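Worksheet: one structure, shown below.
All values reported here derive from a predicted model rather than from experimental measurement.
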Amino acid sequence: MSLLVIGSIALDTLETPFGKVEYAVGGSGTFISTSASYFYDDIKLIGIVGTDFPNEELEFLKSRNIDISGVLKHPEKKTFHWHGKYNYDLNTRDSIVTELNAFEDFNPEIPASFRDSPYICLGNVDPEIQLKVINQLTNPKIIMMDTMNFWIEMKKNKLFETMKHVNIISINDSEARELTGEYNLVSAAKRMKELGPEIIVIKKGEHGALLFNGNNVFAAPALPLENVFDPTGAGDSFAGGFMGWIAGTDDTSLDNLKLAMIYGSAIASISVEKFSLEGLRELSNSSIEERLNSFKNLTQFDFPVNGKSNN
Ligand code: AMP
């Protein structure tokens with residue numbers, strides 16, 4: 001019951017109001033597979049790195065039990081490089097540089113033994129690549145996709161084509177607005193459903209995330225954190241936690257989707273406390289459980305009985 005992850009593997013330059021790192025490991029595939037590895041142990045990653053990608057970072061992914069036999073190494077080109085700069089509120093950012101490099105030649109052939117994976121997480125990559133991957137699958141049960149403003153602006157029609165074939169889209173609020181032309185997020189979710197996916201997840205940064213499924217809406221909060229250093233990868237970590245939980249439980253009931261929202265939010269909240277992938281390097285089960293409890297306490301309340309509080 002593998003979870004197949006496709007995504008960028010990057011070297012990122014990141015600027016936040018708290019500092020700058022250069023050529024730190026990142027990418028949607030890296031964040032998704034690493035965060036999913038805390039919830040599920042049969043993860044296969046498809047991606048491409050360039051000549052400059054540090055070997056020890058591939059070893060790190062292996063140490064998380066992630067099968068990287070589908071990660072290609074470009075013989076000449078450098079690794080995909082993204083330079084992002086966050087504004088003071090950390091909810092908005094500018095892409096200063098996007099150098100596709102090795103990624104430009106990425107044309108994934110899914111290994112035969114990976115094709116029957118039931119759970120698929122299509123991280124933020126060129127929608128044409130997402131579609132090519134979908135076309136090679138033999139037994140998909142749940143396909144989730146993510147995307148980003150870059151692809152909405154460059155390849156909107158291809159993105160619409162890909163959306164027809166997925167069950168879940170995970171997207172942030174500004175991207176949902178850009179994709180649909182709807183300012184209101186409920187209207188944007190409705191419009192996205194018409195385009196294909198039956199489940200819509202809209203991430204709202206420090207304001208949590210919304211799940212739309214049928215006529216149901218579920219809101220996951222974001223934990224008010226004192227130390228947020230770098231939001232890079234928060235959306236991907238969310239997607240990894242979400243799909244890792246779904247794959248591990250093999251259950252897409254509404255109640256379990258709600259839990260997936262909380263698991264995704266919990267791991268994303270841990271990821272943003274350090275720069276790049278650092279927050280996800282070595283997490284103990286107890287630190288994840290502690291975070292889950294914080295989420296529970298944040299929103300748990302009882303209605304009063306006979307006008308009096310239960311406590
Ligand atoms: P997130 O903060 O979850 O949206 O993901 C940030 C990650 O996306 C970074 O580590 C970047 O390397 C990666 N990224 C940025 N731009 C792109 C792009 N156009 N295609 C694929 N991955 C990208």
Side-chain angles (χ1 to χ4, degrees), residues 4-15 21-37 43-64 66-85 93-115 117 120-137 145-155 158-159 162 230 232-233 235-237 239-240 275-278 280:
L4 187 65
V5 176
I6 292 89
S8 53
I9 302 176
L11 293 175
D12 290 337
T13 296
L14 308 168
E15 281 182 79
V21 290
E22 292 189 317
Y23 293 89
V25 67
S28 53
T30 316
F31 279 106
I32 293 170
S33 56
T34 305
S35 69
S37 74
I43 296 164
K44 297 175 163 53
L45 175 63
I46 304 282
I48 189 164
V49 298
T51 49
D52 54 348
F53 196 76
N55 240 334
E56 61 267 26
E57 296 296 356
L58 293 174
E59 288 303 317
F60 165 73
L61 294 173
K62 277 201 226 163
S63 77
R64 291 296 319 148
I66 299 164
D67 182 339
I68 60 161
S69 57
V71 174
L72 305 171
K73 187 159 191 171
H74 199 290
E76 291 151 23
K77 293 190 178 174
K78 289 193 165 175
T79 302
F80 171 73
H81 174 234
W82 178 69
H83 178 170
K85 186 172 178 182
R93 70 182 177 200
D94 295 312
S95 291
I96 310 285
V97 174
T98 301
E99 288 168 356
L100 294 176
N101 299 332
F103 211 27
E104 213 167 12
D105 301 338
F106 186 42
N107 187 9
E109 261 295 305
I110 309 297
S113 61
F114 288 13
R115 289 187 184 179
S117 304
I120 328 294
C121 194
L122 301 171
N124 165 34
V125 293
D126 183 334
E128 270 186 79
I129 291 176
Q130 292 176 320
L131 196 56
K132 264 187 201 155
V133 169
I134 292 172
N135 287 335
Q136 295 176 59
L137 301 172
M145 72 175 281
D146 198 340
T147 193
M148 184 172 174
N149 52 351
F150 185 82
W151 302 114
I152 297 172
E153 285 150 29
M154 305 284 284
K155 298 204 173 177
K158 277 286 163 200
L159 200 53
T162 306
D230 173 20
T232 306
D236 302 320
S237 305
F275 262 103
S276 69
L277 198 63
E278 294 314 306
L280 298 182

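- From Gln130, atom CD reaches atom CD1 of Ile120 across 12.5 Å, with rounding to the nearest 0.5 Å.
- Here Asp126 pairs with Lys155 under the salt bridge (Lys or Arg N to Asp or Glu O under 4.0 Å) rule; sequence neighbours left out.
- Closest approach of Ser276 and Asp230 over heavy atoms only: N-OD2, 2.8 Å.
- For the atom pair CG (Leu131) and CG (Leu159), the distance works out to 10.5 Å, reported to the nearest 0.5 Å.
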TODO: Take Ile9 and Leu45, measure what side-chain contact (heavy atoms from CB on, under 4.5 Å) needs, and give me the verdict at the end.
DONE: CA-CA 10 Å; Ile9 302 176; Leu45 175 63; 4.1 Å; yes

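- Rounded to the nearest 0.5 Å, atoms NZ (Lys132) and OG1 (Thr162) are 11.0 Å apart.
- The two residues Ile32 and Gly123 come nearest to each other via the heavy atoms CD1-CA, 3.6 Å.
- Here the side chains of Phe31 and Thr232 are in contact, with some heavy-atom distance below 4.5 Å.
- Distance alone, capped at 3.5 Å, places no donor-acceptor pair between the Glu22 side chain and the Leu14 backbone.
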Open item on the list: Run Ser95 and Trp82 through side chain to side chain donor-acceptor pair (under 3.5 Å) and show every step you take.
Closed with: CA-CA 7 Å; Ser95 291; Trp82 178 69; 2.9 Å; yes

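- To the nearest 0.5 Å, atoms CD1 (Ile68) and CD1 (Ile46) are separated by 11.5 Å.
- When all heavy atoms of Ala10 and Phe53 are compared, the closest pair comes out as O-CE1, 3.9 Å.
- Lys78 NZ: 12 or fewer foreign heavy atoms inside a 6.0 Å radius.
- Taking every heavy atom of both residues into account, Ile48 and Ala102 meet most closely at CD1-O, 3.8 Å.
- Side chain to side chain, His83 and Glu99 fail the donor-acceptor criterion of an N or O pair below 3.5 Å.
- Within the 4.5 Å cutoff, side-chain heavy atoms of Leu11 are placed close to those of Pro54.
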Task: Step-by-step side-chain contact (heavy atoms from CB on, under 4.5 Å) determination, Ile43 to Arg64 - done: CA-CA 9 Å; Ile43 296 164; Arg64 291 296 319 148; over 6 Å; no

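- Sorted by first then second residue, the side-chain hydrogen bond (donor to acceptor under 3.5 Å, both in side chains) pairs that include residues 43-61, not counting sequence neighbours, are Ser2-Lys44, Asp42-Lys44, Asp52-Thr79, Glu57-Arg281, Glu59-Lys62.
- Side chains of Ile129 and Pro108 form a contact here, defined as non-hydrogen atoms less than 4.5 Å apart.
- Nearest heavy-atom pair across His74 and Lys77 is ND1-N, 2.9 Å.
- Taking His81 as the reference, Tyr23 meet the ring pair (Phe, Tyr, Trp, His ring centres under 6.0 Å) condition, with sequence neighbours excluded.
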Task: side-chain contact (heavy atoms from CB on, under 4.5 Å) assessment of Leu72 paired with Val49 - done: CA-CA 6 Å; Leu72 305 171; Val49 298; over 6 Å; no

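- For the atom pair Leu277 CG and Thr34 OG1, the distance stands at 4.5 Å (nearest 0.5 Å).
- Between Val21 and Thr13 there is no side-chain heavy-atom pair separated by less than 4.5 Å.
- At a threshold of 4.5 Å between non-hydrogen side-chain atoms, the residues Ser237 and Leu280 count as touching.
- Scanning both residues, Phe80 and Ser8, for their nearest heavy atoms gives CD2-CB, 4.2 Å.
- Atom CD1 of Ile6 and atom CG of Leu122 lie 5.0 Å apart (nearest 0.5 Å).
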